[in-house]
Amino acid sequence: MLEETTISRIIIKEYMEELLNALDVDVAVVGAGPSGLVASYYLSKEGIKTVIFERKLSIGGGMWGGGMMFNKIVVQEEGKEILDEMGIKTKEAEKGYHVADSVEAVGKLISKTVSVGTKIFNLITVEDVMLKNRGVEGLVLNWTAVEMSNLHIDPLTVKTKKVIDATGHDCEVVRVLERKVGPKLSTETGKIMGEKPMWAEIGEKILIENTKEVYPNLYVTGMAANAVFGSPRMGPIFGGMLLSGKKAAEMIKKVIQ
Ligand code: 48F
């Protein structure tokens, strides 16, 4: 016999346990787009305790829709290696240009990331950082529903050794930090430089360079990295996103204790 309250109890208890476990983590990734998922995958694979906070109900960010809702993504040779590792099918459509189904790509990316141990919390928005002597030392969270309904409800805070801003074009974590501490980022001006217009080749190349620590304990990956460091967008070519996520994970792996 099925008891409704038993189902409710299991859900509440299991979720609360995971949320309590997320109060103190090694790495907190903000945003579950391609770069955030890949970064989390490579961190978790090394046994580094990693969680993702994602504002939306769906995981995958801007990858589902391919280019202009044609649900295909294109990757270059280097990016293809990561798709291969995730078991995502690709076809060389033209020399050096590999195409994949964006729905398969997101599905498998999520599956792989979760299976190596990343806990993904959806429907949670990161609204601020906890800033102490060593730099960013935590994240300030609230339910997305609270943000959407504009209710005046205080957030909760989690502690983390490192934060990755993988929030895409809006670079939201860096933005809130800049707003509160002023021009102290490791960019040329100390401020967010702002994303530049489309130039796929340069955008993809420079993205890997831009993937770095922008303030003590705060790293940027994916489109957020190009937005922070003032570099071009690149559209639906995804190799850079994947490689940027991997680079963020490798950098953190080297320094985390
Ligand atoms: O935008 P998104 O997919 O970021 P990405 O990994 O990839 C960019 C590409 O999709 C595409 C592109 C490729 O050429 O330019 O745009 O850099 O995913 C960002 C995720 O972060 C979530 C957002 O809902 C999305 O799923 N997000 C943004 N701000 C917050 C957040 C926040 N404050 N708290 C939690 N999640």
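Read the numbers this way: they start at 1 and go in the same order the structure lists the ligands and their atoms. Atoms considered below: every heavy atom in the structure, side chains included; atoms not considered: hydrogens, waters and symmetry mates. In this chain, residues are counted from 1 in sequence order.
Here the straight-line distance linking atom NZ of K80 with atom CG of L83 works out to 8.0 Å at 0.5 Å rounding. The NZ atom of K180 sits 14.5 Å away from the CZ atom of R175 when rounded to the nearest 0.5 Å. To the nearest 0.5 Å, atom CE of residue M86 and atom CG of residue L37 are 8.5 Å apart. Annotation: the span from E204 atom CD to W199 atom CH2 amounts to 14.0 Å, rounded to 0.5 Å.
Atoms of ligand 1 found under 4.0 Å from any heavy atom of H169 (numbered from 1 in listed order, with element): 15 (O), 16 (O). Using a 4.0 Å cut-off to heavy atoms of T125, the atoms of ligand 1 that qualify are 33 (N), 34 (N). The ligand atoms of ligand 1 that sit less than 4.0 angstrom from a heavy atom of S35 are 5 (P), 6 (O), 17 (O). Residue I124 has at least one heavy-atom neighbour below 4.0 Å for each of these atoms of ligand 1: 35 (C). With ligand atoms numbered from 1 in the order given, ligand 1 contributes 13 (C), 14 (O) to contacts under 4.0 Å with heavy atoms of G235. For ligand 1, the atoms lying closer than 4.0 Å to a non-hydrogen atom of V30 are 32 (C), 34 (N), 35 (C). In the vicinity of G222, heavy-atom distances shorter than 4.0 Å reach the ligand 1 atoms 17 (O). Distances below 4.0 Å separate heavy atoms of M234 from the following atoms of ligand 1: 14 (O).
When all heavy atoms of A227 and H169 are compared, the closest pair comes out as CB-O, 3.6 Å.
Hydrophobic clustering keeps M223 apart from V30 (ILVMFWY residues linked when any side-chain heavy atoms are closer than 4.5 Å, directly or through intermediates). A continuous path of ILVMFWY side-chain contacts below 4.5 Å connects I252 to V116, so both sit in one hydrophobic cluster. I208 and V255 fall within a single hydrophobic cluster, where Ile, Leu, Val, Met, Phe, Trp and Tyr side chains are chained together by heavy-atom contacts under 4.5 Å.
From the protein, the heavy atom lying nearest to atom 1 (O) of ligand 1 is G168 CA, 3.8 Å. Counting protein heavy atoms only, atom 18 (O) of ligand 1 is closest to G33 CA, 3.5 Å. With hydrogens left out, the protein atom closest to atom 22 (C) of ligand 1 is E54 OE1, 3.3 Å, a heavy atom. Scanning the protein heavy atoms around atom 7 (O) of ligand 1, the nearest turns out to be M241 SD, 3.4 Å. Nearest protein neighbour of atom 19 (C) of ligand 1, counting heavy atoms only, is A166 O, 3.4 Å. The shortest contact between atom 34 (N) of ligand 1 and any protein heavy atom is with V126 N, 3.0 Å. The protein heavy-atom contact nearest to atom 28 (C) of ligand 1 is T167 CB, 3.5 Å. Nearest non-hydrogen protein atom to atom 3 (O) of ligand 1 is G62 N, 2.8 Å.
Relative to the six-membered ring of F121, K119 meets both conditions, a distance below 6.0 Å and an angle of at most 45° to the axis.
For E85 and Y41, the side-chain atoms include at least one donor-acceptor pair closer than 3.5 Å. Checked by atom type, the side-chain pair S244/T211 shows a donor-acceptor distance below 3.5 Å. No side-chain donor from either of T118 and T113 sits under 3.5 Å from a side-chain acceptor of the other.
The proximity of F53 to ligand 1, defined as any non-hydrogen pair under 4.0 Å, is limited to the backbone. Residue contacts with ligand 1 for R55 involve both N, CA, C or O and side-chain atoms from C-beta outward (heavy atoms, distance under 4.0 Å).
For A224, no nitrogen or oxygen atom sits less than 3.5 Å from a nitrogen or oxygen atom of ligand 1, counting backbone and side chain alike. Some N or O of E172 is nearer than 3.5 Å to an N or O of ligand 1, by distance alone.
Which of M63, R233, E195, M223 comes nearest to atom 17 (O) of ligand 1 through a heavy atom is settled by distance: it is M223.
Checking each of V158, T125, L123 against F53 for a side-chain contact (heavy atoms from CB on, under 4.5 Å) leaves exactly one that passes, namely V158.
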